[in-house]
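This structure is a prediction, so every number in the text was calculated from the model and none was measured. Keep in mind that the numbers below use all heavy atoms, side chains included, and drop hydrogens, waters and symmetry copies.
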Amino acid sequence: EKACEMLLQMQRLGENDVSIQPDVYSYSSVLSCLARNVPRRKEAGKQTELANEAERILADMQTRFQAGDERSRPNTVVYNCVLNAWALAGPPERAEALFQRMYQDYVDGNTGAKPSCDTFNTLIKAWAFSRNAESSQKAVEILERMEERQKTGTLNVFPNVGRLSKAMPCTHLTDTR
């Protein structure tokens, strides 16, 4: 909360002094704080509130970038922080939707928003934490997407033992024995 207040103060002061305006590093620091605090907030709705705030900051960055502020262009770190907030807060569909926006931003020319292995790991984590009946299938689909994008050269991401182990918690939900 204090980090968000500081960001707002930077934005206000930056109206008169560009050197004080927040940049992608300022934003990613605040977003990282928000994401780290999601699991600590057990009171009803607080986790979702923090994830929504992270997504609101991302939307503000995108608006500022579209208005000509190059320093506010979201990058992989920014997207991964917001993705992590949704992975921890749920529902996993919100993380999935954000991933799709990130990937589209990358395809549309924002090379700084290239999804990384961490991006895919976080998406798998979102499904694993959901305890959703379809989480096992979703984790497998994500691993297949990684493999497909690696093979086509679209992204340099690929399944490995670490990523497979992240997907494993999902499998207990579909075990019919």
Side-chain angles (χ1 to χ4, degrees), residues 1-132 134-135 138 142 145 155 157 166:
E1 294 169 12
K2 288 183 181 183
C4 290
E5 290 172 21
M6 197 175 227
L7 182 66
L8 288 173
Q9 187 174 13
M10 287 177 74
Q11 290 171 338
R12 279 194 302 275
L13 293 171
E15 290 172 6
N16 299 321
D17 183 353
V18 245
S19 68
I20 301 174
Q21 287 179 353
D23 60 12
V24 72
Y25 303 105
S26 310
Y27 285 109
S28 62
S29 295
V30 171
L31 291 168
S32 179
C33 286
L34 285 171
R36 279 195 314 266
N37 279 297
V38 168
R40 296 183 185 144
R41 301 303 185 116
K42 300 298 183 198
E43 55 271 24
K46 193 64 176 176
Q47 292 177 325
T48 302
E49 185 181 313
L50 290 172
N52 275 321
E53 179 64 12
E55 194 154 358
R56 187 201 63 73
I57 291 170
L58 172 61
D60 181 57
M61 288 180 72
Q62 291 168 321
T63 299
R64 288 173 180 275
F65 172 72
Q66 290 166 352
D69 182 2
E70 286 288 328
R71 298 162 19 128
S72 295
R73 190 171 201 180
N75 63 14
T76 302
V77 173
V78 166
Y79 277 108
N80 283 352
C81 287
V82 181
L83 193 65
N84 192 44
W86 280 117
L88 296 168
E93 292 83 3
R94 292 292 296 264
E96 187 76 48
L98 180 63
F99 170 80
Q100 294 304 326
R101 285 185 16 225
M102 175 187 190
Y103 186 70
Q104 191 58 53
D105 192 14
Y106 170 67
V107 169
D108 289 345
N110 183 0
T111 57
K114 184 178 184 177
S116 66
C117 291
D118 286 340
T119 307
F120 284 91
N121 288 348
T122 304
L123 195 52
I124 290 169
K125 177 173 71 175
W127 285 103
F129 284 3
S130 76
R131 300 189 140 332
N132 186 310
E134 63 183 1
S135 66
K138 292 292 186 179
I142 293 164
R145 263 190 276 171
L155 295 173
V157 293
K166 288 193 185 309

Practice item. First locate atom CG of L13, then atom CD of Q9, and finally report the distance between them rounded to the nearest 0.5 Å. Key: 5.5 Å
Check your understanding: Do NZ/NE/NH1/NH2 and the carboxylate oxygens of E49 and K46 come within less than 4.0 Å?
Key -> yes
Point to revise | Y106 to A113 - nearest heavy-atom pair and separation | key: CB-O, 3.7 Å
Point to revise | Donor-acceptor under 3.5 Å (T119 side chain, S116 main chain) | key: yes
Review point. With a 4.5 Å heavy-atom cut-off, do N84 and K125 have their side chains touching?
Key: yes
Practice item. Using ring-ring contact (aromatic ring centres under 6.0 Å, His included) as the criterion, list what pairs up with Y103, not counting sequence neighbours. Key: none
Point to revise | Partners meeting side-chain contact (heavy atoms from CB on, under 4.5 Å) with Q66 (sequence neighbours left out) | key: none
Practice item. Report yes if the side chains of P91 and W86 come closer than 4.5 Å at any heavy-atom pair, otherwise no. Key: yes
Point to revise | salt bridge (Lys or Arg N to Asp or Glu O under 4.0 Å) evaluation trace for E53 with R56 | key: CA-CA 5 Å; E53 179 64 12; R56 187 201 63 73; 2.9 Å; yes
Practice item. Kindly give the heavy-atom pair with the smallest separation between A87 and F129, and that separation in Å. Key: O-CD2, 3.7 Å
Exercise for review: Let me see the working for I142 and F99 under side-chain contact (heavy atoms from CB on, under 4.5 Å), right down to the final yes or no.
Suggested key: CA-CA 11 Å; I142 293 164; F99 170 80; over 6 Å; no
Exercise for review: Identify, with sequence neighbours excluded, every residue that meets side-chain contact (heavy atoms from CB on, under 4.5 Å) alongside Q21.
Suggested key: V18, D69, R71
Revision key, fill the gap. Heavy atoms of L31 and A54 approach each other most closely as CD2-O, 3.4 Å
Review point. Can you name the residues that form a side chain to side chain donor-acceptor pair (under 3.5 Å) with S28, not counting sequence neighbours?
Key: none
Check your understanding: Under a 4.5 Å cut-off applied to non-hydrogen side-chain atoms, are K138 and L123 in contact?
Key -> no
Exercise for review: Any salt bridge (charged side-chain N to carboxylate O under 4.0 Å, His left out) involving residues 77-96? Give me the pairs, sequence neighbours left out, ordered by first then second residue.
Suggested key: E55-R94, E96-R145
Check your understanding: For P115 and M102, which heavy atoms make the closest approach, and how far apart are they?
Key -> CA-CE, 3.6 Å
**Study point:** Heavy atoms from other residues, nucleotides or ligands near CE of M6 exceed 12 (cutoff 6.0 Å)
**Key:** no
Point to revise | Which residues share a side-chain contact (heavy atoms from CB on, under 4.5 Å) with A3, sequence neighbours left out | key: V30, C33
Practice item. Give the minimum heavy-atom separation between A35 and L88, together with the two atoms involved. Key: O-CD1, 3.5 Å
Practice item. Look up atom OG in S26 and atom CD in Q11, then write down how far apart they are to the nearest 0.5 Å. Key: 9.5 Å
Point to revise | With D105 via side chain to side chain donor-acceptor pair (under 3.5 Å) - residues at least two apart | key: Y79, N110
Exercise for review: Applying salt bridge (Lys or Arg N to Asp or Glu O under 4.0 Å), name anything that partners D60, two or more places apart in sequence or on another chain.
Suggested key: R64
Check your understanding: In Å, rounded to the nearest 0.5 Å, how long is the span from CG of L7 to CZ of R12?
Key -> 10.0 Å
Point to revise | Those residues that, when tested against T48, pass side chain to side chain donor-acceptor pair (under 3.5 Å) (two or more places apart) | key: none
Exercise for review: Under the side-chain contact (heavy atoms from CB on, under 4.5 Å) rule, what do N75 and V78 come out as? Steps first, then yes or no, please.
Suggested key: CA-CA 5 Å; N75 63 14; V78 166; 3.4 Å; yes
Point to revise | With sequence neighbours excluded, residues passing side-chain contact (heavy atoms from CB on, under 4.5 Å) with D17 | key: S19, I20
**Study point:** Residues that T76 engages under side chain to side chain donor-acceptor pair (under 3.5 Å), provided they are two or more places apart
**Key:** none
Check your understanding: So do L58 and R101 actually touch side chain to side chain, heavy atoms under 4.5 Å?
Key -> yes
**Study point:** Heavy-atom check, side chain of V77 versus side chain of S32, under 4.5 Å
**Key:** no
**Study point:** Residue pair R73, V24: steps toward the side-chain contact (heavy atoms from CB on, under 4.5 Å) verdict
**Key:** CA-CA 7 Å; R73 190 171 201 180; V24 72; over 6 Å; no
Review point. Given the rule in the side-chain contact (heavy atoms from CB on, under 4.5 Å) test, do C81 and L34 qualify, once you have shown the distances and angles that lead to the verdict?
Key: CA-CA 8 Å; C81 287; L34 285 171; over 6 Å; no
Revision key, fill the gap. Shortest non-hydrogen pair, D118 vs N80, comes out as CB-ND2, 4.0 Å
